[in-house]
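Only one structure is covered here, and it is reproduced in the block below.
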Amino acid sequence: MAAGSNAPTASEYIVHHLAHLNTSGSAQKNIVDFSIINIDTVFYSVVLGALMCFFMYRAARMVQVGAPGRFVGAVESLVEFVHEQARSIVHGDIRMIAPLALTAFVWIVLMNAMDLLPVDLLPRLGELVGLHYMRVVPTADLNGTLSMSIVVLGASIYYGIKVKHPGGFVKELFSAPFGANVFVAPFNFILNLIEYAAKTVSLGMRLFGNMFAGELVFMLIALLGGAATWWTFGLHFLTGLGWAIFHILIITLQGFIFMMLTLVYIGQAHEGH
């Protein structure tokens, strides 16, 4: 935020920190504006995705005969865990599905973990180079979470067509859940469209809602540190520490839930109604 003669109020502080660095150059005015791209969400998503690929590549290169090191052992345990979950949920070829689930879990956990950084750290650094708006948690942006859920939707449709063939997939759209009857076919089709839409929206909204709420709590805790009394600073430290420890569980749990729902939705695409 640009320096001024008066410090911002609590509401101004929060509103400023909830504004994205976007292609318009200012805070977004409308709730929906498809002409605007949130640059900060794209940037941190790509950087953390590249970081994830680097660590996975390093782990793969470090695999050798004999007892693995701690890092390689942790990665192997994670890969084996995700593979077992995929095999138990998806009754079909999981050679591409298990890696997709693993990518979703690790990538989302890394993006969620950005919430553990001090609220003002990266935004203040951005201000030094003229960036007056910046949000560093990609999963606290509905655009980011919905884009990932749309990828899951695309994978579900792809495997539905691949497993059941185009004719079988279309037939199921018009024959489930009330049966193959010309009179109920339109209702079957509408219900299936609603089901796909509901899965996609709920998957993205669930992750966004949890991370947005966590980000907002950190902002409220940060406001305590701005008070000039010792007890508010102490309360700021204790509440911040407690919420950060609890938030680690949320960070991991939300990645796990997204991964499991991805497997469930793709697994449903392998099965008939």
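In this structure, His17 contributes its side chain and Tyr13 its backbone to a donor-acceptor pair below 3.5 Å. In this structure, Glu271 contributes its side chain and Gln268 its backbone to no donor-acceptor pair below 3.5 Å. Using modelled atom types, one side-chain atom of Ser88 and one backbone atom of Gln85 make a donor-acceptor pair closer than 3.5 Å. Between the Lys164 side chain and the Lys162 main chain, no donor and acceptor come within less than 3.5 Å of each other. Remark: side-chain polar atoms of Asn210 are paired, donor with acceptor, to backbone N or O of Arg206 under 3.5 angstrom. Of the possible donor and acceptor atoms, none in the side chain of Thr41 sits under 3.5 Å from a partner among the backbone N and O of Pro138. Remark: the backbone N or O of Leu21 is paired with a side-chain donor or acceptor of Asp40 at under 3.5 angstrom. With Trp107 contributing its side chain and Gly255 its backbone, the two residues share no donor-acceptor pair below 3.5 Å. Checked by atom type and distance alone, the side chain of Asn22 pairs as donor or acceptor with a backbone atom of Ser24 at under 3.5 Å.
Put simply, CE on Met259 and CG on Leu100 are 11.0 Å apart, with the number rounded to the nearest 0.5 Å. Remark: Asn181 CG to Phe174 CZ distance equals 13.5 Å, nearest 0.5 Å. Put simply, CG on Leu173 and CG on Asn188 are 9.5 Å apart, with the number rounded to the nearest 0.5 Å. His247 contributes atom NE2, which lies 9.0 Å from atom CD of Gln254 (distance to the nearest 0.5 angstrom). The line from CD1 of Ile37 to NE2 of His20 is 13.0 Å long, rounded to the nearest 0.5 Å.
The hydrophobic cluster containing Val184 also includes Phe178, Leu191, under a criterion of side-chain heavy atoms closer than 4.5 Å among ILVMFWY residues, counted directly or through chains of members. Here Val32 is tied into one hydrophobic group with Ile31, Phe34, each link being a pair of ILVMFWY side chains closer than 4.5 Å.
Using a 4.5 Å cut-off on side-chain heavy atoms (C-beta onward), Met205 and Thr145 make no contact. Looking at heavy atoms from C-beta onward, Met134 lies in side-chain contact with Tyr44 at the 4.5 angstrom threshold.
Aromatic ring centres of Tyr133 and His16: separated by under 6.0 Å.
The number of heavy-atom neighbours closer than 6.0 Å to CD1 of Ile250, taken from other residues, nucleotides and ligands shown, is above 12. Shown here is Phe71, whose CZ atom has more than 12 heavy atoms of other residues, nucleotides or ligands within 6.0 Å. Counting non-hydrogen atoms of other residues, nucleotides and ligands closer than 6.0 Å to NZ of Lys199 gives a total above 12.
In the hydrophobic clustering of ILVMFWY residues, with side-chain heavy atoms under 4.5 Å counting as a link, Leu203 and Val90 come out together. Under the 4.5 Å side-chain heavy-atom criterion for ILVMFWY residues, a single connected hydrophobic cluster contains both Val137 and Phe256. Both Ile39 and Met114 belong to a single network of hydrophobic side chains, linked directly or stepwise wherever heavy atoms of I, L, V, M, F, W or Y lie under 4.5 Å apart. Under a hydrophobic-cluster definition in which Ile, Leu, Val, Met, Phe, Trp and Tyr are linked whenever side-chain heavy atoms come within less than 4.5 Å, directly or via other members, Leu207 and Leu142 are assigned to the same cluster. One hydrophobic cluster holds both Met56 and Met62 under the rule that ILVMFWY side chains link at heavy-atom gaps under 4.5 Å.
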Between Val152 and Phe258, does a side chain to side chain contact (heavy atoms under 4.5 Å, CB included) hold up when you go through it step by step? CA-CA 10 Å; Val152 176; Phe258 196 98; 4.0 Å; yes

Begin with the C-alpha distance, continue with both residues' side-chain angles, and end with the deciding distance and a verdict on side chain to side chain donor-acceptor pair (under 3.5 Å) for Asn143 and Asp141. CA-CA 5 Å; Asn143 298 281; Asp141 180 6; 2.8 Å; yes

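Checked against Ile266 for a side chain to side chain contact (heavy atoms under 4.5 Å, CB included), the options Ile94, Ile89, Ile97 give a single hit: Ile97.
Using a 30° and 60° split on the angle between ring planes, Phe169 and Tyr196 fall in the tilted class, from 30° to 60°.
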